[in-house]
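Residue numbers begin at 1 in each chain, while the letters A, B, ... track the order of the sequences.
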Amino acid sequence: MGYLEKLNPQQREAVQHTEGPLLILAGAGSGKTRVLTCRIAYLIEHCGVRPWNIMAITFTNKAAGEMRERVDGLVGMGSEAIWVSTFHSSCCRILRRYIDRIGYDNSFTIYDTDDSRQVMKAVIKELELNPKIYKEKALLGKISAAKNNLVSPDEMEADASRWEEKQTARAYRAYQKRLKKNNALDFDDLLVLAVELFEKAPDVLESYQERFRYILIDEYQDTNTVQFRFVKLLAEKYRNICVVGDDDQSIYKFRGANIMNILNFEKSFPGAKVIKLEQNYRSTQSILDAANEVISNNSGRKEKKLWTDNGQGTRVRFREFQTGYDEAEFVAGEIAKKVREENRSYRDYAVLYRTNAQSRLFEEKMIAADIPYKLVGGVNFYSRREIKDMLAYLKTVDNGLDDLAVQRIVNVPKRGVGATSLARVQNYALENGISFYEALQDADRIPGLGRSLNGIRKFTTLIGRLRAAGREYLNVREILEMIISETGYVAELEEEGTDEDKARIENINELVSKTADYMEQAENPSLSEFLQQVSLVADIDSVDPDGDYVLLMTLHSAKGLEFDYVYMTGMEENTFPSYMAVSGEDSEELEEERRLCYVGITRARKELTMTAAQMRMVRGEPQFLRASRFVREIPRDLIELEGETTDTRNFMKPPEVSMDRIMKFGTVGAERGYGSFGSRPVRSPRGQAGNHYSLNQFRVQKADHLDYQEGDRVRHVKFGDGTVQNIKDGGKDYEVTVDFDTCGVKRMFASFAKLKKI
DNA sequence: CGTAGTTTTGTTTTT
DNA sequence: CAAAACTACG
């Protein structure tokens, strides 16, 4: 009972408004998870709602796990009957049970992005599309967008006017056909087919409507059209739907998220109650001020302003460096120092960036500084080659119709079955309308296989043995171990013994322990269920809250998390906001980037540091960059620069001169769209010199000539003397290669290297 | 058939 | 600067 008293009035109202549609507009850090969990407890304890009548949908499995844990603590008995999961897992669970009603087999497998690409490649070949024009990635993107908007291949074709659109629709249809033939669904299908199931089988829908009388949706601002449809169908009958979201944190438009779902909630569910949570319990006022300032540049928001009584805290720090290298060194160095000297933990820190590609430098510096870290995202554990191989074996054992899995491993490890033989088998399968695996079993009857036949036999007997073992006495872990030993996969890696191979063995061992974990945790474990669970995990799900390490991740992955100390890195135009968003004519995209920035800022509890580099390598090319507009949208007096004191902002010299001012009158000229920002009073247009953001030069000037040439002896401050080997005009700067006497050949940029002829 | 080397291509963000 | 896709050779 005590939990109600701990809530503020708005939170309590949200918990107690149990009947009818409810929209909770929850600003960052306003305690929405607490509201959701208390609400569940309240429903059960005070309203007599039975646990199995409640469904809660979260964005990631991690969030689901955390919520489940907190609900367990509050409710105790029976809480396991509550469905707490992601959209994808919920749909998957429903489909596992009923998908046969719409013509699929209940033992379907789930394809990841990589698998989908393989399928699409085959489709492009089949339809004889010009691969120069129709890239599988682009096609898949369009198909995914269509699915998220519940557009079928037929509808797409009907809407198509241009030739290419017609072709895309054809590809879409062929792709679906292939998936179905393989008894596979892609990520989007999980949602689309669940909706299709509900629409085609009213009795199934009805049974779920009866079951889920109280529905709660977290991160509602990131739902897309299919998800909305799914929720709407489920909630239609009892209308006890509670959604929590923050339009300012909508950052998944590229994935089809429809911000209208939250903005129009009251229209979709007439009579909806709306409650705003604006008190922030997470961050300091300084951090919130910065966040509020940045986000206020967006239009079409639901007006709200976060406040806190946590106290002012220190100002947001901004540091600019010459290169991304220096930036990473600073971040790593500072974390190492603070942990050492101020008794902080690594887990208090997060390093955020816009794209995964930026993680490399940080990783390197973390290793150099001996800082334990965890990289979230990037190459997913389950998409590593060795893991995919192992999973392909498991999938083949589980579902013989999954051609893709079979094709992946027929010849792994090498069994002497090459591309030509595989093509023959494929043909045979096609002609006889059977699956690839069935064709392999028929290999004797396929002409022209020659030596491959042996390998194929080896393969099919192995799979046969595995299947028999699985049916009779082995569990998931044991099957995997059998695969490992029978194929000699690990043994082969051990022989090679390079670092990479060792890492692969590690990964395989990790997979084995994951199967062991699964065996312990599952109620009635099955291979299919294991594979399904595995394909729906996000990288963030594996972050252990007790682990003491610095987290490195994209701003997107950071959503829903919080840290004492946050570094937002790569705060440069064209990096963040990304080049795509800046050059695109669509201002929507820029607003989404700004929301992403808002998400980033509000992750910080105590201290936020923004960093930027003046130059970084992008695609092997040096790029010269200037500070992000988002930094400049934070008023100058909320920012602390290098060399300034850390304490309160009252000491700040020129008050209320904000950064966009500086941009207008300062070094870099106003660019497109820049002049249109709000009209803060101009105090001193000339005051820019003193409060310039960077203590360094803003832009690197390319020298019009160099006072040394190839063959000359030069001196470098750090590397000493050397001979110039090569000078290349890189457009914005000269790239100089020097062979140093003491430390060998280095390549550098003339304007940074400051080489002196001797 | 398998491998090693070469060329090309490409970048947001993720369940 | 990668990874992926191709190509040519053993």
* Nearest-nucleotide wise, let me know which of A:Leu596 and A:Leu422 is further upstream toward the 5' end of DNA chain B. => A:Leu422

* If the plane angle is over 60° it's perpendicular, under 30° parallel, otherwise tilted; pick one for A:Phe198 and A:Phe230. => parallel

* State whether a side-chain donor-acceptor pair under 3.5 Å links A:Asp218 with A:Thr58. => no

* Just checking A:Asn411: base, sugar-phosphate only, or nothing, at a heavy-atom cut-off of under 4.0 Å? -> sugar-phosphate

* Asked: Parallel, tilted or perpendicular for A:Phe254 and A:Tyr252, by the 30°/60° rule?
  -> tilted

* **Ring-ring centroid check A:Tyr353 A:His556, cutoff 6.0 Å** => no

* Structure fact -> Result for 5'-nearest mapping on DNA chain B, choosing between A:Gly416 and A:Arg354, is A:Gly416

* Report yes if at least one side-chain N or O of A:Ser557 is closer than 4.0 Å to OP1 or OP2 of B:dT14; otherwise report no. => yes

* Structure fact -> When rounded to whole Å, the NZ to P distance for the pair A:Lys147 and B:dT14 reads 20 Å

* d(CE, A:Met617; P, C:dA2) in whole Å -> 10 Å

* Separation of A:Asp114 atom CG from C:dA5 atom P, in whole Å? -> 9 Å

* Establish whether the base of B:dT11 is bridged to the side chain of A:Arg619 by a donor-acceptor pair shorter than 3.5 Å. => no

* Asked: Which one, B:dT12, B:dT3, B:dT14, comes nearest to the side chain of A:Phe254?
  -> B:dT14

* If you measure from the Lys or Arg side-chain nitrogens to the Asp or Glu carboxylate oxygens, is any gap between A:Arg594 and A:Asp248 under 4.0 Å? -> no

* Ring-face cation of A:Arg178 near A:Tyr175 (centre distance under 6.0 Å, axis angle within 45°) -> no

* Nearest-neighbour nucleotide for the A:Thr355 side chain, B:dT14, B:dT12, C:dA2 considered -> B:dT12

* Asked: Base, sugar-phosphate, or nothing for A:Ser89, non-hydrogen atoms under 4.0 angstrom?
  -> nothing

* Are OP1 or OP2 of B:dT14 and a side-chain N or O of A:Asn356 less than 4.0 angstrom apart? -> yes

* **Rounded distance in Å - NZ (A:Lys137) to P (C:dA5)** => 10 Å

* **Between C:dA5 and B:dT12 - C1' atom distance, rounded Å** => 23 Å

* To do: Using a 4.0 Å heavy-atom cut-off across all strands, classify A:Gln227 as base, sugar-phosphate, or nothing.
  => nothing

* Check whether any side-chain N or O of A:Glu327 sits under 3.5 Å from a backbone N or O of A:Gly570 as a donor-acceptor pair, and report yes or no. => yes

* Asked: Within the pair A:Lys135 and B:dG10, is there a side-chain N or O less than 4.0 Å away from OP1 or OP2?
  -> yes

* Asked: With sugar-phosphate meaning primed atoms plus P, OP1 and OP2, does A:Arg595 contact a base, only sugar-phosphate, or nothing at under 4.0 Å between heavy atoms?
  -> nothing

* Gap between atoms CD and C1', on A:Glu136 and B:dT9 respectively (whole Å) -> 12 Å

* Asked: Which part of the nucleic acid does A:Lys121 contact within heavy-atom distance under 4.0 Å: base, sugar-phosphate only, or nothing?
  -> sugar-phosphate

* Asked: Do the side-chain N or O atoms of A:Thr60 get closer than 4.0 angstrom to the phosphate oxygens (OP1, OP2) of B:dT15?
  -> no

* Between B:dT13 atom P and A:Ile251 atom CD1, what is the distance in whole Å? -> 13 Å

* To do: Establish, from distance only, whether the side-chain atoms of A:Tyr373 and A:Glu363 form a donor-acceptor pair under 3.5 Å.
  => yes

* Between B:dT13 atom P and A:Tyr579 atom OH, what is the distance in whole Å? -> 17 Å

* Taking atom P of B:dT13 as reference, at what distance in whole Å does atom CG of A:Asn148 sit? -> 18 Å

* Asked: Given the rule that a pair is Watson-Crick or G-U wobble with both distances under 3.5 Å, how would you write DNA chain B in dot-bracket, using | for pairs to a different strand?
  -> ||||||||||.....

* Using a cut-off of 4.0 Å on non-hydrogen atoms, how would the nucleic acid contact of A:Phe576 be classed: base, sugar-phosphate, or nothing? -> nothing

* To do: Name the nucleic acid region contacted by A:Arg117, choosing base, sugar-phosphate or nothing; use a 4.0 angstrom heavy-atom cut-off, strictly under.
  => sugar-phosphate

* Verify whether one side chain among A:Gln532 and A:Arg96 offers a donor that lies under 3.5 Å from an acceptor in the other. => yes

* Choosing from B:dG10, B:dT12, B:dT15, which nucleotide comes nearest the side chain of A:His88? -> B:dT15

